[in-house]
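Worth saying up front: this structure is predicted, and the values here are computed from it rather than measured.
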Amino acid sequence: MHPLNISLILLSVALVYAQPSPEVQKRISAAVAAAANESNPDYTAFVNPFIGTGEYLVPLKQCIGDPHLCVDNFGDVCPGASVPFGMVKFSTDLTGYAPAGYVTDPTQTIRGLSPLHDSGTGSSLGTYGNFEIMPMTCPGGFNTCATMLSDRETFRKNNTDDASPGYFSQTLDNEIKMEATSTRRAGLERFTFPKGSKPYFVLGELTVSAWASPDERHIVDLSNDLPDSFVGGTMNIDPQQGRITIGGRWGSSFGPGSFSYQAFSCYDLLNNGNQTLDEYGIWEANAFGLNAKGLGQAHLNLTQNLIGDHYEYGALFSYAGTPEEIIIRVGISFVSTDQACANAEFEVGTSSFDEIMAQSKVLWNEKLSSIQIDLAKTAPNVTELLYSSLYRASLTPNNATGETQGAFSGTSSFYFDSLYCSWDTFRTFYPLMALQHPVDYAQIVDNYIDGWRKLGWMPECRANNLPGWTQGGSSGDVIVGHFAINYHNEAAALGIDLNELYSALLADGDLNPMEWDIQGREVNLYTQYGYVPTDAIDPSSTGRQTREGSRTLEASCAEHPFNEISTALQYAFEDFSIRQVALLLNNTADEERYLNRSLWYRNVWDKTVVSDGFNGFMQKRFPNGTFNFTDPTDCSPQDADENRECSLQGDNVEGFYESSSWEYSWFAPHDTNGLINLMGGNSTFVKRLDHFFDAGYYLAGNEPSFQTPIGYHYANQPAKSIQRVRQVVFENFDITPAGLPGNDDQVTSKRSMFLCAANNRDNQAAMASVLVFHLLGLYPVPGTSQFLILSPFTPTYTIHNTYLNTSTTVTTLGFDPKSLNATIPDGAAAYVKNVTLNGVELSTKCHFDFYDVFKVGGEMVIEVTNDIDQGNDCGSAVPESVSMGGFASLR
């Protein structure tokens with residue numbers, strides 16, 4: 001049996017206590033096996049939507065030998081019914097920690113089925129969850145129905161959860177089955193009741209309370225949306241038309257509490273005249289004895305409760321007779337109830353549940369078939385991992401074009417909600433989209449540019465149609481820059497004006513907003529000092545003064561009172577992306593200016609800091625130039641202080657965002673050879689990189705570490721990169737609900753909460769997309785057209801780009817299934833011997849250019865060998881770095 005199959009089957013057995021239904025995996029396995037003999041396979045059949053939905057610890061008695069098999073990670077993936085980039089994602093909402101609505105934990109109860117969710121977000125409060133509907137039977141009649149949330153919460157029937165692309169299903173322990181399928185802004189909900197029972201539904205539950213800050217919301221455990229943020233709205237029941245409309249305002253799940261957004265729903269109850277409404281009315285309840293129902297009443301008009309009391313409101317209705325099946329059509333809008341109803345009428349109309357589900361499957365097959373593998377010769381679990389990851393890579397962001405509000409109301413541009421967040425997605429998510437789907441990419445780039453048009457800066461994070469918290473500067477610069485570098489010849493035809501794109505980049509790079517917690521950067525101090533200083537006065541703008549280190553690295557600035565170092569690092573890389581577009585547009589002055597700024601990551605390198613015998617680490621820095629020491633192990637998996645704050649908290653004094661100095665000291669994707677020189681040369685760099693992994697400082701689920709396993713390429717030891725990538729994949733990813741990388745400790749402290757929650761989420765398919773690249777044997781350098789070459793997990797694959805009308809086939813000559821192991825066995829062929837493109841051998845076997853391969857199509861052959869020494873040399877050149885003269889010209 002294949003080694004990958006063995007490890008994943010063991011883990012699947014260990015988690016059999018968990019959801020989903022065992023039939024899901026049986027169905028997928030059967031489809032993969034049958035597809036080996038099919039010429040036109042159904043790629044949706046290979047997708048497991050439940051990967052990454054895990055959330056709890058399996059009892060130890062169910063472990064098989066290794067207690068680590070019992071740990072279920074926080075993936076925050078939504079398995080709900082959705083089309084690609086759909087605005088709606090129909091899923092159940094459960095109690096407990098459930099940011100995406102659904103979780104596998106069978107100890108949690110179901111609150112209802114709702115149409116709005118995000119997938120893989122970093123918001124622990126949850127996002128959306130508006131407009132929950134809950135089916136029930138009320139043997140005593142209308143006035144006996146359990147309307148209040150705490151009364152109506154119901155357990156699921158274990159091992160019955162089901163999902164596939166465009167479909168979601170869950171059965172309650174009272175045998176009522178809930179199903180959903182969707183279009184972009186609408187969908188159908190189907191409910192099957194036990195024979196002979198009268199169907200009742202609770203809908204809407206407008207929960208009114210004083211909207212609390214995130215730290216206070218724990219005292220309020222009943223709400224309509226997941227973060228309990230309702231601040232007012234209306235509900236209307238039209239019994240003649242059989243329609244319920246709801247509209248209101250809710251607060252952001254990952255942004256300032258002073259912001260709120262509007263949302264509207266339209267529920268059509270009669271299924272094209274095939275169902276008859278019976279009783280209807282409204283209800284009101286609280287935790288202190290109020291539990292009233294108003295039979296025949298049809299209107300609610302509510303505002304926020306300012307004194308702080310907590311009330312629940314909603315609709316209650318039933319159907320005539322005892323029909324076993326009820327179908328409800330749902331439309332959603334961010335503009336009005338009229339538009340919500342129009343969306344349902346236009347996108348669903350009179351179509352049946354099965355017809356809508358079939359339409360969704362067609363859309364998903366179009367997306368998934370852009371990468372085709374040798375199904376007969378690929379390990380079944382690799383197939384499932386690949387297509388499940390490709391699926392999640394097209395779930396978000398949510399295409400809300402035509403559904404705009406606030407500053408974007410009526411915009412003629414494309415509009416996408418749920419940008420969670422640019423810091424998470426610039427590394428691999430958008431480079432993967434560039435390979436396959438440039439039309440989608442261009443629409444999202446247009447959306448970023450429109451943010452600059454409307455607000456003055458491009459969005460960094462967008463949550464619930466509202467600006468979200470900035471994490472590392474303006475990472476949208478890398479996203480739009482990567483598009484410009486790879487598609488500048490096609491940009492105009494794709495609707496992108498490169499001059500406008502460049503103006504948006506310059507706004508991010510040169511203009512300091514008044515408030516840089518939600519957009520832009522703290523550019524003034526960054527350009528004044530050449531890094532984001534700690535303990536510095538900023539007289540003209542405000543924001544949380546933290547993350548100085550990672551901000552300088554990512555772009556360099558003093559965003560929140562923490563993370564100055566990580567911000568500086570992010571700023572520097574964002575400046576590199578601006579430099580690339582300046583080079584593209586022949587703007588010599590800006591090209592030189594931003595090239596210099598891209599090297600400012602070196603300004604937060606303190607060569608005097610020693611950790612584990614290695615010299616030099618990224619550190620915070622005062623305005624006078626002296627460094628402010630941070631232990632490089634702080635906020636790492638080896639940090640002994642379980643109360644240390646490591647994320648967006650105001651008392652994070654470490655200088656890094658969701659990371660440690662050990663981790664962020666590797667972050668200069670555009671200048672890894674510059675880091676090698678800072679660290680003392682190739683030999684020391686490799687020893688230090690080995691120690692980083694072996695000592696347990698690496699976090700597979702943390703984006704700053706995505707490129708680190710391939711860092712060996714730059715020291716001319718590519719075989720070690722291949723070994724590390726195999727280890728990363730097999731130790732961190734699998735096909736179970738716990739299948740995303742995470743921390744092996746139970747969440748018992750602030751620090752471990754950061755490790756388990758902040759770093760285990762799919763993060764808008766950041767984890768999915770990096771896994772896809774690992775399986776394909778590639779890694780992109782964001783903001784460039786360069787790819788690093790690794791060892792594929794499949795013998796052959798073809799990438800189709802329908803816009804360019806190109807197909808590129810990558811064949812692994814000498815592919816050895818025995819190499820698919822966390823530790824490559826002796827004698828297994830995994831290391832790259834040579835690379836040929838259309839029959840011509842490349843001079844380097846470590847990297848190639850997008851323009852030479854995927855832009856024109858053809859055939860690439862990666863020949864592998866079992867000789868590590870033969871495969872541990874790049875050939876004519878290691879990958880490029882700016883300080884060594886790299887990236888000096890563009891294609």
With distance as the sole criterion, is a donor-acceptor pair present between the side chains of Glu179 and Tyr167 under 3.5 Å? yes
Does the side chain of Leu776 come within less than 4.5 Å of Val810's, by heavy atoms? no
Distance (rounded to the nearest 0.5 Å) between Ser29 OG and Ile735 CD1: 6.0 Å
How many angstroms lie between CG in Leu771 and OG in Ser389, if you round to the nearest 0.5 Å? 4.0 Å
How many angstroms lie between atom OH of Tyr430 and atom OG1 of Thr425, to the nearest 0.5 angstrom? 4.5 Å
Would you mind checking if Arg761 and Asp424 are paired as a salt bridge, meaning a charged N to carboxylate O distance below 4.0 Å? no
Side chains of Tyr712 and Asp690: is there a donor and an acceptor less than 3.5 Å apart? yes
Pairing residues for Phe706 by the ring-ring contact (aromatic ring centres under 6.0 Å, His included) criterion, not counting sequence neighbours: none
Trp423 and Glu658: CA distance, side-chain angles, deciding distance, side-chain contact (heavy atoms from CB on, under 4.5 Å) verdict: CA-CA 12 Å; Trp423 181 86; Glu658 294 186 355; 4.1 Å; yes
What are the two closest non-hydrogen atoms of Ile51 and Arg392, and how far apart are they? CG2-NH1, 3.8 Å
Candidate pair Cys461 and Trp469, rule side-chain contact (heavy atoms from CB on, under 4.5 Å), full reasoning: CA-CA 6 Å; Cys461 226; Trp469 298 122; 5.9 Å; no
Quick one: are the ring centres of Tyr387 and Tyr43 less than 6.0 Å apart? yes
Parallel, tilted or perpendicular: which fits the ring planes of Tyr664 and Phe667, with parallel below 30° and perpendicular above 60°? perpendicular
Is it the case that more than 12 heavy atoms not belonging to Asp694 sit under 6.0 Å from its CG atom? yes
Before you tell me yes or no, could you show the steps for Asn821 and Thr823 under side chain to side chain donor-acceptor pair (under 3.5 Å), namely the whole-Å CA-CA distance, both residues' side-chain angles and the distance that decides it to 0.1 Å? CA-CA 5 Å; Asn821 209 304; Thr823 300; 5.6 Å; no
Tyr779 six-ring face occupied by Arg427 cation (under 6.0 Å, within 45°): no
Sequence-distant partners of Thr109, side chain to side chain donor-acceptor pair (under 3.5 Å), two or more places apart: Thr95, Glu153
Enclosure of Lys361 NZ (heavy-atom neighbours >12, cutoff 6.0 Å): no
salt_bridge(Glu132, Arg111) N-O dist < 4.0 Å: yes
Answer with yes or no whether the side chains of Asn398 and Ser418 bring together a donor and an acceptor at under 3.5 Å. yes
Residue pair Gln170 / Lys157, side-chain heavy-atom distance below 4.5 Å: no
Once the angle between the rings of Trp662 and Phe692 is folded into 0 to 90°, is it parallel (under 30°), tilted (30 to 60°) or perpendicular (over 60°)? parallel
Contact check, side chains of Leu432 and Leu390, non-hydrogen atoms, under 4.5 Å: yes
Using the six-membered ring wherever Trp is involved, compare the ring planes of Phe168 and Phe50 and label them parallel, tilted or perpendicular (cut-offs 30° and 60°). tilted
Please assess Cys635 against Arg644 for the test side-chain contact (heavy atoms from CB on, under 4.5 Å), listing each intermediate value before the final yes or no. CA-CA 7 Å; Cys635 292; Arg644 196 183 312 280; 3.7 Å; yes
Between CD1 of Ile373 and OG1 of Thr798, what distance do you get to the nearest 0.5 Å? 10.5 Å
Assign the ring pair Phe85 / Phe416 to parallel, tilted or perpendicular, where the plane angle (0 to 90°) is split at 30° and 60°. perpendicular
Considering only heavy atoms from C-beta outward, does the side chain of Cys421 approach that of Glu460 to under 4.5 Å? yes
Where do Val88 and Ser82 come nearest, in terms of heavy atoms and distance? O-OG, 3.5 Å
Report the distance from atom CG of Leu386 to atom CD of Gln372, rounding to the nearest 0.5 Å. 11.5 Å
Rounded to the nearest 0.5 Å, what separation is found between the SG atom of Cys78 and the NZ atom of Lys89? 7.0 Å
Got Pro41 and Leu375 here, is their nearest side-chain heavy-atom distance under 4.5 Å? yes
Heavy atoms, side chains only, cut-off 4.5 Å: are Tyr831 and Ser791 in contact? no
